[in-house]
Amino acid sequence: MQERYVPQTIEHEAQEYWDRTGAFRVTEDPARPKYYCLSMFPYPSGKLHMGHVRNYTIGDVLTRYYRMRGYNVLQPMGWDAFGLPAENAAMANKVPPAKWTYDNIAYMRKQLQSLGFALDWQREIATCDPTYYKWNQWMFLKMLDKGIAYRKTQVVNWDPIDQTVLANEQVIEGRGWRTGAPVEKREIPGYYLKITQYAEELLEHVQKHLPGWPERVRLMQENWIGKSTGVRFAFPHDIRDASGALIGEGRMWVFTTRADTIMGVTFCAVAPEHPLATHAAAGNPSSRPSSRNASKGGTTEAELALKEKEGLPTGLHVTHPLTGDKIEVWVGNYVLMSYGDGAVMGVPAHDERDFAFAKKYGIPIRQVVGVAGETFSTEAWAEWYADKQRGRCVNSGQLDGLDLQGAVDKVAELLGARGLGEKKTTWRLRDWGISRQRYWGTPIPIIHCDEHGAVPVPEQDLPVVLPQDCVPDGSGNPLNRRADFLNVPCPKCGKPARRETDTMDTFMDSSWYFARYACPDNAATMLDERARYWMPVDQYIGGIEHAILHLLYSRFFTRAMRDEGLLETSEPFTNLLTQGMVLAEMYHYDSPEGRREWINPADVTVERDAKGRPLSARRVSDGQAVVADGIGTMSKSKNNGVDPQALIEQYGADTARFFIIFTSPPTQSLEWSDEGVDGSFRFLRRVWNFGAAFAQQCGKADGAAPDAAGPDAAAQAVRHEIHTILKQANYDVQRQQFNTVASGTMKILNALEKLPAGASPVKEEGLSILLRLLSPITPHLCHHLWRELGFGEDVLAAAWPEPDPAALEQDEIEYVVQISGKTRGNVRAPKSADREALQALALASPQIQKYVAGQPVRKVVVVPGRLINLVV
RNA sequence: GCCGGAAUGGCGGAAUUGGUAGACGCAGCGGACUCAAAAUCCGCCGACUAAUCAUCGUAAGGGUUCGAGUCCCUUUUCCGGCACCA
């Protein structure tokens, strides 16, 4: 066996072997239990980043582990290939998104292969391939048929200079990223998917039927769906538009979960797009610019929440449905047309936002809820004003004295009697808008005809293929200038018509790719019986940042496919592992010209004091002092990324994999450390060296039973230690805490190195345990040593190691002795010792007697096998 | 702002149900080997202390318990999501 550990050579050989033997190609096998292990597919941004390496290493460890456990394991890979970055790259480099994307895919595929992942590459998919997105279109048409997809207006960010729609990401502090112009809100038509139709089912299942998901993700989804019961009611009015017709049939509808405060309504607020608001703006020229003002700024919930609440009186009044009072209507910049009815009631006394709004505009504040022992003041807001538990109605006529539920019931009854309202369940969850005014996405299969309106493309004409050669330039969707794409005959009448140029949200692509991996080659149907074999995914792995949107859309889409008869399962992912982010140190220095430059941690040296604490940092190249900014996510802007490629080339894939697994538990963030990588490499080299010494001293493994070690107490102690570590490691694998599995392999090597040189059954057994335990993490090294040392043909085919119960047995147990809960010493006791014997042993120990010092023992607590606590 | 997390030595982390805090590794210090260096191997390594004992110590403050990193309450800081980034 070769003396030096040269990862590049053995990794290449192992990958060649797996490739040649088709080791990771899988087919449906009813005889074995199936295990579908899936990592979120990457966006082909150019090259792999550490987050990818971490994600896929975790998946690969699971894949190889379950395979050795005897499962039929599928682990596929593909590309989330549509999206905005390709258009940005096109603008920067004048390269069509298609070429950029496919080049990136080719490069990143090579990178993935060099990491030795147990992937079935025959199942690779790219969402920008017409054979894939054809089925987005097909499913969309099915949804249109069923009314699950529909068309309505949506609010978008509009850049007035580029005349284009901006993504939220392209809005920086309320301005367009390229033009710097203040962004406006605009209403345009778009397609929606009725995810709300599944709201009840999505909520119930996330609450009761997803035990394999982290509690926090389930909670986030639950809050996102946001079921709330309340009252929807109307303020009657007599406001007519220019033609004399009653606006909204004389009803202004609102929804509230706090109907108990209805007597405290002192104003109402409507969205700027609400019919009453547009009516007021039309009738009153002076309010027009202000109304436009309300439409400024971004569309995100976070922006609205942080924005100062601003309003504008419309001069219009509606009637309070119970008191008959006139209530003034305001336009509020914080009210969204797409939420409920686009109007809210304002109760300043019991809603913090309304309170601030009323103070600002001098609107009356009327207390209608009281809490015993508290005094209300209109001067300052207090938490208890909104207390749902302790509050009782006051100043509210016949509601007085009622609690929240009682008052809501009563109000619903009163309103119902007048035909002005009723109890209603509402959802925070909104329908999913899928139209994007962008080029690089799945074309929405619709044709617009002057006569027949929006006509679906007939099924046999699918896919509507996206032209491959467009180059976006920032001036909107280039499809609008492609005559060969735009001009089509209407499917209904054959007259000239125009193709829809909006494309689909890329979340559409990622909402079902997991099922397509089962049958990527099927040109005739979206999914077939193979999908029913592999689905659901047994283990899904990906970033916590997808906890809500991607996972919720996928759960919805899976149900839509189920209802289409394509799948039998409702939930796509049985178990979910949300991996943490990858972080690195950040350093910068400010140049004399005031320019801030971020320095890559690899180019920085740190001076330390005698205890290893950092003192100062300088740039290696010129000794320039730099400022440490702590740690943060690896990003281009902070220049603190570590390129996986350089790492693999220097240390090999196994070192990269081992470091990533060893350094943090999968669900926590991982902090990069070049020294840590060095340490991982040193460990793998020690494993190699141990194997080389074994080959030299012992030759080939002969499978001798460790019992043959006989009464050699030292060897048996090592064996006990190894099997104890193995037991813990198996527990850790099962609970997916792989970092301690990695440290377990280090402990086993430490134990093995205590054994004397030369062959021994304990050594051979220990090494075979070590190699198998380590093989999912560093498959190349273990593949090589397993064969080379004669343990077998292929470590993939080896059985997962189990501890020998006999080796775990111990005659004597070391007990911790505490006096009144403070640890004061240890005693060794036979494992058969009972409570009294343990107490006597503890009291007899000189180190313990010192602390007891003749005091009476009031109580004795014994934890079997661990601890004796004497309370004095 | 709302929802969801996290915090343990100089650093990453360990401690399964409340039971010896700091496993394993990194960095640091000392030594062996060497002409020397690298590599490797051995020892030390929370604070306080000359050292031992003792005491203190798991973001901060309080509580429950024979016993709290772990359970409860309050606070602080950092991170993820907020519907057109993926």
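In the text below, chain A, chain B and the rest are named by the order of the sequence lines, each starting its count at 1. Heavy atoms only: backbone and side chains are in, while hydrogens, waters and symmetry mates are out. Quantities reported herein were computed from a predicted structural model and do not represent experimental measurements.
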Item to complete: With heavy atoms under 4.0 Å as the rule, sort His550(A) into base, sugar-phosphate or nothing.
Response: nothing
Item to complete: Determine the contact category for Val860(A): base if any of its heavy atoms lies under 4.0 Å from a base atom, sugar-phosphate if only primed atoms, P, OP1 or OP2 are that close, otherwise nothing.
Response: nothing
Discussion item. Once you apply a heavy-atom cut-off of 4.0 Å, does Ser669(A) come out as touching a base, just sugar-phosphate, or nothing?
Written reply: sugar-phosphate
Discussion item. With syn defined as a glycosidic angle within 90° of 0 and anti as the rest, where does rG31(B) land?
Written reply: anti
Discussion item. Over all strands shown, is Val217(A) touching base, sugar-phosphate only, or nothing at heavy-atom distances under 4.0 angstrom?
Written reply: nothing
Worksheet item: Say you pick atom P in rC66(B) and the same atom in rG12(B); how far apart are they, in whole Å?
Response: 36 Å
Worksheet item: Does a nitrogen or oxygen in the side chain of Thr506(A) sit under 4.0 Å from OP1 or OP2 of rA86(B)?
Response: yes
Worksheet item: Which part of the nucleic acid does Tyr731(A) contact within heavy-atom distance under 4.0 Å: base, sugar-phosphate only, or nothing?
Response: base
Discussion item. Before we go on, tell me: are the rings of Phe683(A) and Phe662(A) under 6.0 Å apart, centre to centre?
Written reply: no
Discussion item. Heavy atoms only, 4.0 Å cut-off, all strands: where does Phe683(A) land among base, sugar-phosphate and nothing?
Written reply: nothing
Worksheet item: Is the shortest side-chain N/O distance from Arg682(A) to OP1 or OP2 of rA27(B) below 4.0 Å?
Response: yes
Worksheet entry | Closest listed nucleotide, where the reference is the side chain of Leu219(A) and the choices are rA27(B), rG12(B), rG4(B) | rG4(B)
Discussion item. For a quick check of understanding: with a heavy-atom distance under 4.0 Å over all strands, which category does Met40(A) fall into, base, sugar-phosphate or nothing?
Written reply: nothing
Item to complete: Send over the distance from Lys185(A) NZ to rC84(B) C1', rounded to a whole Å.
Response: 15 Å
Worksheet entry | Over 12 foreign heavy atoms within 6.0 Å of NZ, Lys360(A) | yes
Discussion item. Between the base of rC84(B) and the side chain of Gln437(A), is one N or O donor paired with an acceptor at under 3.5 angstrom?
Written reply: yes
Worksheet item: Is there a donor-acceptor pair closer than 3.5 Å between any side-chain N or O of Arg54(A) and the backbone N or O of Gly580(A)?
Response: yes
Worksheet entry | RNA chain B-proximal residues of residues 744-756 of chain A, any heavy atom under 4.0 Å | Met746(A), Lys747(A), Asn750(A)
Item to complete: Remember a base hit wins even if backbone is also touched, and classify Arg824(A) as base, sugar-phosphate or nothing at under 4.0 Å, heavy atoms.
Response: sugar-phosphate
Discussion item. So that I know where these two stand, are Tyr132(A) and Tyr513(A) an aromatic pair - ring centroids less than 6.0 Å apart?
Written reply: no
Fill in: Pairs flagged by side chain to side chain donor-acceptor pair (under 3.5 Å) wherever residues 856-872 of chain A is involved - sequence neighbours left out
none
Practice prompt. Answer with base, sugar-phosphate or nothing: what part of the nucleic acid does Leu429(A) contact at a heavy-atom distance below 4.0 Å?
Written response: base
Discussion item. Mind checking if Arg216(A) touches a base, just sugar-phosphate, or nothing, with heavy atoms under 4.0 Å?
Written reply: sugar-phosphate
Item to complete: Among rC24(B), rC84(B), rG13(B), find the nucleotide with the atom closest to the side chain of Ser743(A).
Response: rC24(B)
Worksheet item: Between Arg686(A) and Ser680(A), who's closer to the 5' end of RNA chain B by nearest nucleotide?
Response: Ser680(A)
Fill in: Sugar-phosphate, base or nothing in reach of Glu814(A), heavy atoms under 4.0 Å
base
Worksheet item: Arg353(A) near the nucleic acid: base, sugar-phosphate alone, or nothing, with a heavy-atom cut-off under 4.0 Å?
Response: nothing
Practice prompt. Could you check whether Pro665(A) gets within reach of a base, just the sugar-phosphate, or nothing at all, counting any heavy atom under 4.0 Å?
Written response: sugar-phosphate
Contact list (N/O, under 3.5 angstrom) for nucleotides 64-73 of chain B vs protein:
{"from": "rC66(B)", "atom 1": "O2", "to": "Asn869(A)", "atom 2": "ND2", "distance (Å)": "2.0"}

Discussion item. Among rG12(B), rU40(B), rA83(B), which nucleotide has an atom closest to any side-chain atom of Arg430(A)?
Written reply: rA83(B)
Worksheet entry | Sugar-phosphate, base or nothing in reach of Trp432(A), heavy atoms under 4.0 Å | nothing
